[in-house]
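Order of the sequence lines fixes the chain letters, A, B, ..., with proteins taken first and strands second; residue numbering starts at 1 for each chain.
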Amino acid sequence: MSLKRSKRHRSTKSTLRLPDLDHSKNSVLQSLGSAASKRTYGYAIEDFISWYCSEPRLAFGRTVVLRYRYELESRRLAPATINLRLAAVRRLAYEASDNGLLNPDLAAGIRRVKGAKRLGMKLGNWLTVDQGRRLLAVPSSGSTKDKRDHAILSLLLGCGLRRAELTGLKMSDFQQRDEHWAIVNLFGKGGHIRTVPVPGWAMEVLDEWLRAAQIDEGVIFRRVSRTGSVWGQKISEKLVWWVVRERAKLAGIESWLRTIFGEPVLVFAMQREASWSRSSFSWGIDQSRQRSATWGAVSVSSLP
DNA sequence: GCGAAGAGGCATAGGCGTAT
DNA sequence: ATACGCCTATGCCTCTTCGC
């Protein structure tokens with residue numbers, strides 16, 4: 001037994017081969033909670049593996065990861081992307097080390113590789129109150145699909161929902177509290193739970209869709225066929241994007257489309273527009289203020 | 001065949017915990 | 001207080017599938 005253990009200890013390597021890397025990659029992906037993370041990390045690790053295997057076989061350590069960082073920089077990727085790729089490679093190293101496939105000293109060296117500097121912060125592309133109104137005012141043909149799309153826009157704008165939150169909404173998530181409607185116990189990004197008031201005007205638009213689609217239980221937003229029949233179990237997040245895009249085109253604000261739509265900060269920006277000033281609206285670079293501001297969003301109920 | 005919607009792929013921003 | 005790392009999300013294409 002002791003012989004076996006010492007053999008295993010001696011077998012920790014500095015140069016990993018494809019099966020070792022694949023095994024470690026699977027361990028990393030299994031440990032991630034979100035499907036989006038699995039997809040993104042999977043892509044990042046695949047990219048690193050194909051680069052690593054195309055290079056002359058060097059020890060999988062700090063130097064190799066630094067070289068990979070230079071490679072990413074030479075591709076002119078954004079710092080956010082480079083840091084994401086490096087985070088995935090660090091995780092790959094921890095897993096390889098934990099599985100006895102990589103020398104722990106080499107893994108520790110990889111951990112010390114710094115990420116790319118993020119210089120400043122983009123100001124984003126916020127929807128103004130006027131643009132929000134124009135989006136909601138897009139003329140409707142009265143079709144079932146139009147009613148659904150209008151309801152989607154109304155909940156996104158009125159409640160500051162993310163796309164993923166919207167697609168999973170069920171009838172049972174809506175409850176009446178003190179004569180007001182609210183989406184209760186909404187599971188948001190990172191598994192956080194919140195309760196969101198629903199403005200009266202948004203509730204009316206939603207009711208129109210529910211009546212047209214004859215939905216009285218289960219998931220709220222479903223697919224609509226060309227002939228107007230409602231089918232399927234739910235819609236995808238991609239569809240929400242397409243709905244927003246089509247409506248933005250019709251509203252004549254397509255140029256706004258590179259957007260942070262779906263993040264609560266968008267609604268906050270709309271709420272604050274009336275008192276906009278450069279000095280008072282500095283939370284884009286002030287982290288603590290940004291955090292405290294993030295959920296003041298729901299009083300946009302006066303939007304239409 | 002056509003339109004609605006999903007899947008896949010890659011890039012990048014948001015947001016939270018923690019180290020400094 | 002803030003910079004950084006990590007995970008989770010969106011943005012925006014193209015290509016494919018599905019229902020009618």
Relative to the 5' end of DNA chain B, which residue comes earlier, Val224(A) or Arg75(A), by the nucleotide with the nearest heavy atom?
Val224(A)
To the nearest angstrom, the CD1-P distance between Ile45(A) and dC6(C) comes to 12 Å
Flag the pair Glu73(A) and Arg69(A) as a salt bridge only when some basic side-chain nitrogen lies within less than 4.0 angstrom of an acidic carboxylate oxygen.
yes
Atom CD1 of Ile82(A) and atom C1' of dC6(C) are separated, to the nearest Å, by 16 Å
Whole Å only: how far is the CG atom of Asn83(A) from the P atom of dC4(C)?
9 Å
What integer distance in Å separates Leu72(A):CG from dT12(B):P?
11 Å
Does the pair Glu237(A)/Arg162(A) count as a salt bridge with the N-to-O cut at 4.0 Å?
no
Reckon Arg148(A) has a side-chain N or O less than 4.0 Å from the OP1 or OP2 of dA5(B)?
yes
Shortest side-chain distance from Ala36(A), nucleotide among dA5(B), dT10(C), dC6(C):
dT10(C)
Its contact letters, B for base, S for sugar-phosphate only and - for none at protein heavy atoms under 4.0 Å, make nucleotides 15-20 of chain C read ----BB
State which of dG5(C), dT10(C), dA13(B) makes the closest approach to the side chain of Ala78(A).
dA13(B)
With no angle test and no hydrogens, is the base of dA9(C) tied to the side chain of Thr40(A) by a donor-acceptor pair under 3.5 Å?
yes
Does Tyr41(A) have a side-chain nitrogen or oxygen under 4.0 Å from the phosphate oxygens OP1 or OP2 of dG5(C)?
no
Between dA13(B), dA11(B), dA9(C), which nucleotide gets closest to the side-chain atoms of Ser34(A)?
dA9(C)
Choosing from dA11(B), dG11(C), dA9(C), which nucleotide comes nearest the side chain of Trp241(A)?
dG11(C)
Contact nearer the 5' end of DNA chain C, comparing Glu237(A) with Arg90(A):
Arg90(A)
If you assign Lys114(A) and Gly33(A) each to the DNA chain C nucleotide with the nearest heavy atom, which residue ends up on the more 5' nucleotide?
Lys114(A)
Give a yes/no on whether any side-chain N or O of Thr81(A) is located under 4.0 angstrom from OP1 or OP2 of dA11(B).
no
Would you say dA11(B) has OP1 or OP2 under 4.0 Å from some side-chain N or O of Tyr43(A)?
yes
Counting only distance, no hydrogens or angles, is the base of dG8(B) paired donor-acceptor with the side chain of Lys38(A) under 3.5 Å?
no
At their closest point, which heavy atom of Ile110(A) faces which heavy atom of Arg62(A), and how far apart are they?
CG1-N, 3.9 Å
From CG of Leu29(A) across to C1' of dT8(C) the rounded distance in Å is 14 Å
So does Asp105(A) get a backbone contact from the side chain of Asn103(A), meaning a donor-acceptor N/O pair under 3.5 Å?
yes
Rounded to the nearest Å, what distance is computed from the CG atom of residue Leu77(A) to the C1' atom of nucleotide dC10(B)?
10 Å
Inspect the contact between Asp207(A) and Lys147(A) and indicate whether a charged nitrogen and a carboxylate oxygen are less than 4.0 angstrom apart.
no
Establish, yes or no, whether a centroid distance under 6.0 Å links the rings of Tyr52(A) and Phe60(A).
yes
Rounded to whole Å, the CG-C1' distance (Leu86(A) to dG5(C)) equals 11 Å
Base, sugar-phosphate, or nothing for Leu84(A), non-hydrogen atoms under 4.0 angstrom?
base
Give a yes or no answer on whether the side chain of Arg222(A) reaches the backbone of Val230(A) with a donor-acceptor pair at less than 3.5 Å.
no
Would you kindly give the CZ-to-C1' distance between Arg111(A) and dC6(C), to the nearest whole Å?
11 Å
Give a yes or no on whether a donor-acceptor pair under 3.5 Å exists between the nucleobase atoms of dG8(B), that is its base, and the side chain of Lys238(A).
yes
Do Ser31(A) and Arg91(A) have side-chain N/O donor and acceptor atoms under 3.5 Å apart?
yes
Ser37(A) side chain N/O closer than 4.0 Å to the phosphate oxygens (OP1, OP2) of dC7(C)?
no
Under 4.0 angstrom between Arg85(A) side-chain N/O and dA11(B) OP1 or OP2
yes
For Ala88(A), answer base if it contacts any base atom (sugar-phosphate contacts may also be present), sugar-phosphate if it contacts only those atoms, and nothing otherwise; contact means non-hydrogen atoms under 4.0 Å.
nothing
Counting only N and O atoms by type, is there a donor-acceptor contact under 3.5 Å from the side chain of Thr40(A) to the main-chain atoms of Ala36(A)?
yes
